[in-house]
Amino acid sequence: MEGGKPTLPLVYQAVQALYHDPDPAGKERASVWLGELQRSMYAWEISDQLLQLKQDVESCYFAAQTMKMKIQTSFYELPPETHTSLRDSLLSHIQNLKDLSPIIVTQLALAIADLALQMASWKGCVHTLIEKYSNDVSSMPFLIEILTVLPEEVHSRSLRIGANRRSEIIEDLAYYSTTVVTLLVTCAEKSGHDEKMLIKVFRCLGSWFNLGVLDNNFMASNQLLMILFQVLQRDETSTNLHEAASDCVCSALYAIENLAVHMPLAMQLFQGVLSLETAYHMAVAREDLDKVLNYCRIFTELSETFLEMTVRTPGQGMGDLRTLELLLICAGHPQYEVVEISFNFWYRLGENLYKMNDPALHRVFKPYIQRLLHSLARHCQLDPDHEGVPEDTDDFGEFRMRVSDLVKDVIFLVGSMECAGAGSVASRDGPHCRSLHQHRAGWRDERSD
């Protein structure tokens with residue numbers, strides 16, 4: 001930047017102006033100046049100095065964010081001989097700043113993860129991190145934070161790494177994945193009632209599931225799965241912990257979509273999710289909509305994962321039609337937002353059954369579609385005191401339009417007479433059903449999501 005390297009007091013002054021100047025023009029000037037600093041070569045040294053001095057949250061956050069951004073976009077600026085010292089510096093900073101602010105820890109964790117992914121000379125980064133921090137209880141939260149963002153950053157578009165390097169990284173993470181899960185089990189068992197730690201554990205596990213590197217047999221018999229479903233079955237589980245556990249189960253179900261490869265883990269997840277029906281009913285009784293929505297997400301992900309088996313071997317093994325029963329139970333909830341979560345599954349089911357064109361198979365699924373349509377008809381009815389035509393643009397109007405699309409796509413299974421129910425109330429113009437083959441050109445993009 002022009003004028004040479006700025007002094008630390010000048011940088012502090014700009015950071016304070018950015019966060020605390022009551023004049024918007026002053027904030028804007030500070031933002032522009034700091035942006036120029038971040039793009040300059042001086043940003044590396046100045047960020048390191050700000051993190052060492054640890055003067056306040058604002059300056060440390062700016063420095064951590066700058067360090068992450070520089071590593072993501074400008075790592076090429078550093079000569080290879082400086083990479084090790086940068087790594088050691090970042091590992092020291094995150095340990096020293098772990099109690100200052102969670103957002104600073106997250107920024108530094110991302111910086112360390114992005115460095116590990118680009119620094120080819122850093123072999124076995126997971127082993128290094130666990131060996132360095134796992135024996136220090138106070139360091140566990142930020143260690144798990146790094147281990148959470150590391151798999152997430154593998155496919156980051158911000159990082160300039162080639163396909164070969166990416167493959168090498170994934171292979172390395174797969175090698176150490178059982179070590180990571182073993183660490184997470186230890187943390188979960190020792191956490192007791194530490195909700196924040198359990199949330200971190202579940203988020204980390206979900207991140208590794210998403211990368212697709214966890215060993216199938218190892219996870220099928222792992223204690224962490226049992227802890228996960230125990231948390232989801234407990235009435236007293238907090239909303240935040242329940243959401244983290246639900247996200248983790250959904251990630252696991254998505255990861256096993258190739259069932260032939262993941263059969264042992266698939267069986268455990270299948271039974272685990274089926275065991276949540278009572279917990280769903282308890283959440284309904286307590287009018288806990290957040291948990292109800294989480295359970296419906298899990299039931300829908302289960303149904304999506306096992307869709308092919310459900311269609312090919314209905315009622316047998318993991319083609320168990322209880323998956324559809326769970327979705328229909330959710331469809332009976334008075335809030336239409338609950339049943340809407342499952343729409344993509346019903347679209348896909350209709351598509352699969354239409355392609356197979358097997359009348360015997362259609363008869364198996366007809367009662368389920370009939371029950372779905374009856375539930376949708378109830379959801380689409382207007383309140384008795386409603387006046388005028390509902391707007392297509394509001395939430396309820398959009399829901400009714402989605403119901404209309406869904407009805408058109410599954411009505412071939414039950415016959416057009418069913419259209420007098422859900423189809424007519426979903427449309428502002430009355431019944432307008434079309435058979436699936438007439439409507440195929442209008443498949444919604446989300447069915448291939």
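The first residue in the sequence is number 1, and the count goes up from there. On a predicted model such as this, the values are computed, not experimentally measured, just so you know.
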Counting N and O atoms only, with roles assigned by atom type, does the side chain of Ser177 sit under 3.5 Å from a partner on the main chain of Ala174, one being a donor and the other an acceptor?
yes

Spell out, as yes or no, whether a donor-acceptor pair under 3.5 Å connects the side chain of Thr82 to the backbone of Leu78. no

In short, Tyr76 meets Arg160 closest at the heavy-atom pair CE2-NH1, 3.5 Å

Within a strict 4.5 Å, meaning less than it, do heavy atoms of the Ile170 and Ser167 side chains meet? no

Between Ser134 (side chain only) and Glu131 (backbone N and O only), is there a donor and an acceptor less than 3.5 Å apart?
no

Looking just at side-chain N and O atoms, do Arg87 and Thr84 make a donor-acceptor pair shorter than 3.5 Å?
no

Task: Close side-chain approach of Ile161 and Phe75, heavy atoms under 4.5 Å - done: no

**Prompt:** Can any side-chain N or O of Thr310 pair as donor or acceptor with the backbone N or O of Phe306 at less than 3.5 Å?
**Reply:** yes

So Tyr347 and Phe343, would you call those rings parallel, tilted or perpendicular, with 30° and 60° as cut-offs?
perpendicular

Side chain Thr186, main chain Thr182, donor-acceptor under 3.5 Å: yes

**OP:** May I ask you to say whether Glu398 pairs ionically with Arg402, meaning some side-chain N is under 4.0 Å from a carboxylate O?
**Re:** no

Say whether Thr128 and Trp122, considering side chains only, have a donor N or O and an acceptor N or O under 3.5 Å apart.
yes

* Give a yes or no on whether Met267 atom CE has more than 12 heavy-atom contacts from other residues, nucleotides or ligands under 6.0 Å away. => no

task: Would you check if Leu324 and Phe365 make a side-chain contact, meaning some heavy-atom pair closer than 4.5 Å?
output: yes

With sequence neighbours left out, the residues meeting side-chain hydrogen bond (donor to acceptor under 3.5 Å, both in side chains) with Asp235 are Arg286

Report yes if some heavy atom in the side chain of Cys125 is under 4.5 Å from a heavy atom in the side chain of Leu150; otherwise report no. yes

Sorted by chain and residue number, the side-chain hydrogen bond (donor to acceptor under 3.5 Å, both in side chains) partners of Trp346 (sequence neighbours excluded) come out as Ser342

query: Do Tyr254 and Glu301 have side-chain atoms, one donor and one acceptor, less than 3.5 Å apart?
result: no

Exercise. Taking atom types as modelled, find out whether Glu152 and Asn210 have a side-chain donor-acceptor pair closer than 3.5 angstrom.
Key: no

The complete set of salt bridge (charged side-chain N to carboxylate O under 4.0 Å, His left out) pairs with one or both residues in residues 267-279, sequence neighbours excluded, reads none

Sorted by chain and residue number, the salt bridge (Lys or Arg N to Asp or Glu O under 4.0 Å) partners of Arg312 (sequence neighbours excluded) come out as Glu308

Hits for ring-ring contact (aromatic ring centres under 6.0 Å, His included) against His333, two or more places apart or cross-chain, chain-then-number order -> none

Going by atom types alone, do Gln16 and Asp56 pair a side-chain donor with an acceptor below 3.5 Å?
yes

Residue pairs meeting salt bridge (charged side-chain N to carboxylate O under 4.0 Å, His left out), one or both in residues 107-123, sequence neighbours left out, come to Lys123-Glu168

Worksheet item: If you measure only the distance, is there a donor-acceptor pair under 3.5 Å linking the side chains of Asp136 and Ser138?
Response: yes

| Given the rule in the side chain to side chain donor-acceptor pair (under 3.5 Å) test, do Ser375 and His379 qualify, once you have shown the distances and angles that lead to the verdict? | CA-CA 6 Å; Ser375 294; His379 282 298; 5.8 Å; no

Side chains of Tyr368 and Val410: closer than 4.5 Å at any heavy-atom pair? no

Those residues at least two apart in sequence (or on a different chain) that pass side-chain contact (heavy atoms from CB on, under 4.5 Å) with Ala285 are none

So OG of Ser246 and CD1 of Ile298: to nearest 0.5 Å the spacing works out to 3.5 Å

Checking the side chain of Gln118 only, and the main-chain atoms of Ile71 only, is there a donor and an acceptor separated by less than 3.5 Å? yes

Self-check item: Non-hydrogen side-chain atoms of Trp44 and Leu86 separated by less than 4.5 Å
Solution: yes

With sequence neighbours left out, the residues meeting salt bridge (Lys or Arg N to Asp or Glu O under 4.0 Å) with Arg371 are Glu325

Between the CD atom in Gln223 and the CE atom in Met226, the distance rounded to the nearest 0.5 Å is 3.5 Å

Going by distance alone, is a donor N or O of one side chain under 3.5 Å from an acceptor N or O of the other, for His20 and Glu58? yes

Can you confirm whether more than 12 heavy atoms, excluding those of Tyr175, are under 6.0 Å from its OH atom? no

Quick one: does any side-chain atom of Ser303 pair with a main-chain N or O of Phe299 as donor and acceptor, under 3.5 Å? yes

request  = Answer yes or no: are there more than 12 heavy-atom neighbours, outside Glu171 itself, under 6.0 Å from its atom CD?
outcome  = no

Q | Side-chain heavy atoms of Phe202 within contact of Val249, under 4.5 Å | A | no

Open item on the list: Between Phe345 and Leu307, is the side chain to side chain contact (heavy atoms under 4.5 Å, CB included) condition met? List the steps.
Closed with: CA-CA 8 Å; Phe345 166 77; Leu307 173 61; 3.5 Å; yes

Test your reading of the model: is there a side-chain donor-acceptor pair from Ser40 to the backbone of Leu37, 3.5 Å cut-off? yes

In this structure, CZ of Phe229 is separated from SG of Cys248 (nearest 0.5 Å) by 9.0 Å

Quick note, salt bridge (charged side-chain N to carboxylate O under 4.0 Å, His left out) partners involving residues 40-53, not counting sequence neighbours, are Lys5-Glu45

Leu276 and Leu326, any side-chain heavy atoms less than 4.5 Å apart: no

key: Asp320 side-chain N/O to Gly315 backbone N/O, donor-acceptor pair under 3.5 Å   = no

Check: For Tyr295 and His242, what are the C-alpha separation, side-chain angles and deciding distance, and is it a ring-ring contact (aromatic ring centres under 6.0 Å, His included)?
Finding: CA-CA 9 Å; Tyr295 288 126; His242 196 275; 4.8 Å; yes

Sorted by chain and residue number, the side-chain contact (heavy atoms from CB on, under 4.5 Å) partners of Glu243 (sequence neighbours excluded) come out as Asp247, Asn294, Arg297

Thr66 meets the side-chain contact (heavy atoms from CB on, under 4.5 Å) criterion, sequence neighbours left out, with Gln38, Ala43, Ser47, Phe62, Lys70

Under 3.5 Å, is there a donor-acceptor pair between the side chain of Lys54 and the main chain of Leu97?
no

Residue pairs meeting salt bridge (charged side-chain N to carboxylate O under 4.0 Å, His left out), one or both in residues 195-217, sequence neighbours left out, come to Glu145-Lys200

